Amino acid sequence: MTASIVIVGAGPAGTTAALLLARRGIRSILVERRSSPLFHPAAHVINARTLEIWNEYSPELAKSIAAMSPPHETVNLISWYGGLSDETIGSIDLLSDPERKAAVESQSPFMVSHIGQHILMPALWDAVEAEPLIEFRRGVSVQSVESFATDARVTLAGEPSELRAQYVLACDGANSAIRESAGIALSGPVLANMGSAFFTSKTLFPDDARPLLSWIYTPDLCGVLIAHADHRYILMTAYLHPDQEIAVNSRGFWREMLPKVLGDHEFDLESTGTWMMTSQTADRFRRDRLLLLGDAAHRFPHTGGFGLNSGVQDAHNVVWKLDAVLSGAASPSLLDTYDTERRPVVEKFAEQSVTNHFRMDAIGKKVGITNAMLARATAAMGRPPLAKIPGRIIAPLAAAATRGQMRRSRRLNPDVPGAGQLRQQIADAIPLQVEHFVSTGLQFGYLYSSPLIAGDSTAKPTEDVVDYVPTTYPGARLPHAVFSVDGTLVSAHDALDPNLLSLFTFDRDSWSPVVEELADLGPGVSLVAVDAPTGVDRDALIALYEVGDVGAVLVRPDGHVAWRTATSAEQARQSLADFLGRQWGAYFMGRV
């Protein structure tokens, strides 16, 4: 059987790619080894930018997913504890700055949402199932992927056993078998082995005072507790060796451990899991007709919530390029810009995630338990001489070492002399953790750089982690705004042409003939003549786009700025023609 695109893996990256391809009229076959979505939660932070991308496929889908998130005022606390029965040591209130909250609300139609992946994925699978341009094959494993000059062959474990495709998207997760079979290596450190328990407890916290995240330091367990919908929680902790009980008998371990952590609170253990916390990036994101997306291409620590969201961004970046190549408008070399553009962004996300992970040591070192110590111990377990010791011998020693470290947290017990002073030291260090939980600047402010992006004579904006400053600097996401276009209210991103470059300007009359002249350059240009809606400050709207009332902003189909000018159409005509002819012309053969 032949398809334009075969996608392996129906996680967030794979389902998003399939849906965005369908929006462009491109059929795909989506292959997933599981028969139903994984119930054990993984990610839970859904960035506003991710919802904007799903909105491109279907506003109804994006709104329905956003509606799954609990009200923001019920998931605004990040708290630190000794034991859960003790008083809170300190907290970060994500809604404590009204000005920041108001700014964030103005920057997108959506807000960051907290939706467990176990809730999200059924919704995405339902959307995939309902889309006639997607053939969704559940419970099917891929044995191999081979790339040839004209197509790729996907061999399945079942009947029919072979698929032929023009391109294959590997979205098969952190332990991607396709990536490994293609001989693409991962580079980066292993930081920790993690175990988790997913459970229900209706009495653990009052409904009106349930922290989103709770860091726990007790002699029995140190870890983080994440609150999910329906009184569900996931508790995570680190371990050192794969033969420890938490890994080989996880349900037994957690049935014994949870009563120690939760005290008298009743619970129902739903599921358990283990994974390796790493910061690793594939050496390449494309090999011939194979492209890696999501966790198959890059793996981050969970400290920052970038994993799921970056996979969705990967799909968004590559799909419009695949469309251009499949339609014959662009050469296959356009797909090389996927790696060029996404790699620096995911490396920045990885850097921030690792920084967040080790920044937690500002708190942990007060107790004598740090992630730096954990990383060194994990690395030591993975290399000689410790790696050569049989598991039955080394695993009990690793468990004893872990317990020895965690026992240091008994100093936080309020009944222990000096605990008050220690708890206050931790409370004083908590505000320094804000970048871990508020990263609006990175969510919206990442910049692409490639031959598809023009140079700019103005100073490159500072890419702040916490605060996002809207900009039309080339490579940036087009700032959100609501315009009047031919008398109709239109959100900026809804005005984008899915195939052409969109030129936004307040000066229709001057730029209209220029756009007509550029019809045969690159992919072509569509004019978006905008104005301020009634009751909106026109000067403020013009200032937001940074090119005055005679300039223009050229935007790609994925909403990232390609070029801009603050000069008039007549003055900028040649500059734009040169940019399209030389830089975009290297990939596009002209409109077809």
Side-chain angles (χ1 to χ4, degrees), residues 10-12 15-16 34 36-51 54-55 58 60-79 81 84 88 91-95 101 104 110-128 194-216 223-237 254 258 261-262 265-273 275 302-309 311-312 436-438 443:
T15 52
T16 299
R34 291 189 176 93
S36 58
L38 182 65
F39 183 68
H40 194 75
H44 68 101
V45 177
I46 310 298
N47 290 341
R49 183 61 180 139
T50 294
L51 289 162
W54 289 333
N55 188 70
S58 164
E60 291 74 21
L61 175 64
K63 290 175 184 176
S64 67
I65 291 175
M68 297 175 183
S69 178
H72 290 88
E73 61 271 15
T74 65
V75 287
N76 59 307
L77 288 180
I78 314 296
S79 297
Y81 294 85
L84 289 174
T88 307
S91 298
I92 292 175
D93 185 346
L94 301 179
L95 300 181
K101 179 175 181 289
V104 170
F110 300 98
M111 290 280 286
V112 62
S113 298
H114 296 280
I115 305 166
Q117 199 166 337
H118 64 297
I119 297 174
L120 169 68
M121 291 315 304
L124 290 177
W125 279 30
D126 286 347
V128 165
M194 302 295 296
S196 61
F198 187 43
F199 64 94
T200 300
S201 179
K202 296 183 178 180
T203 63
L204 187 55
F205 290 104
D207 288 345
D208 59 350
R210 206 163 69 112
L212 173 64
L213 302 175
S214 301
W215 260 266
I216 303 167
V224 61
L225 181 71
I226 304 172
H228 285 280
D230 302 323
H231 298 281
R232 286 190 166 114
Y233 301 85
I234 192 160
L235 178 59
M236 300 188 294
T237 192
W254 284 109
L258 284 174
V261 177
L262 306 181
H265 296 280
E266 294 184 355
F267 67 90
D268 291 320
L269 181 59
E270 306 274 5
S271 59
T272 65
W275 81 100
H302 60 274
T303 42
F306 295 110
L308 181 154
N309 297 287
V312 170
H436 188 155
F437 312 106
V438 182
Q443 291 175 32

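Predicted model, so just to flag it, every value in this text is computed and none were measured. Excluded from the calculations below are hydrogen atoms, water molecules and symmetry mates; all remaining heavy atoms, backbone and side chain alike, are included.
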Side chain to side chain contact (heavy atoms under 4.5 Å, CB included) against Ser271, all qualifying residues, sequence neighbours excluded: Phe39, His40, Phe198
Sequence-distant partners of Ala227, side chain to side chain contact (heavy atoms under 4.5 Å, CB included), two or more places apart: Arg210, Tyr233
Check: Leu213 and His44 side chains under 4.5 Å, non-hydrogen atoms: yes
Working for side chain to side chain contact (heavy atoms under 4.5 Å, CB included), residues Ile92 and Val438: CA-CA 10 Å; Ile92 292 175; Val438 182; 5.9 Å; no
Qualifying side chain to side chain donor-acceptor pair (under 3.5 Å) pairs, either residue in residues 66-77, two or more places apart: Asn76-Asp93
Under 3.5 Å donor-acceptor, His265 side chain and Thr203 backbone: yes
With Phe437 via ring-ring contact (aromatic ring centres under 6.0 Å, His included) - residues at least two apart: Trp215
For Trp54, side-chain hydrogen bond (donor to acceptor under 3.5 Å, both in side chains) partners two or more places apart: Thr16
Sequence-distant partners of Lys202, side-chain hydrogen bond (donor to acceptor under 3.5 Å, both in side chains), two or more places apart: none
Test side-chain hydrogen bond (donor to acceptor under 3.5 Å, both in side chains) applied to Thr237 - qualifying residues, sequence neighbours left out: none
Side chain to side chain contact (heavy atoms under 4.5 Å, CB included) partners for Val75, two or more places apart: Pro70, His114, Leu212
With Ser113 via side-chain hydrogen bond (donor to acceptor under 3.5 Å, both in side chains) - residues at least two apart: none
Contact summary for Trp125 and Ala10, nearest pair of heavy atoms: NE1-O, 2.8 Å
Heavy-atom closest contact (Pro211 atom, Ala209 atom, distance): CD-O, 3.4 Å
Exercise: do His436 and Thr303 side chains pair donor with acceptor under 3.5 Å: no
Results of side chain to side chain contact (heavy atoms under 4.5 Å, CB included) for Val112 - residues two or more places apart only: Val45, Asn47, Gln443
N/O donor-acceptor pair under 3.5 Å between Ser201 side chain and Glu266 backbone: yes
By salt bridge (Lys or Arg N to Asp or Glu O under 4.0 Å) - contacts of Glu270 (at least two apart): Arg232
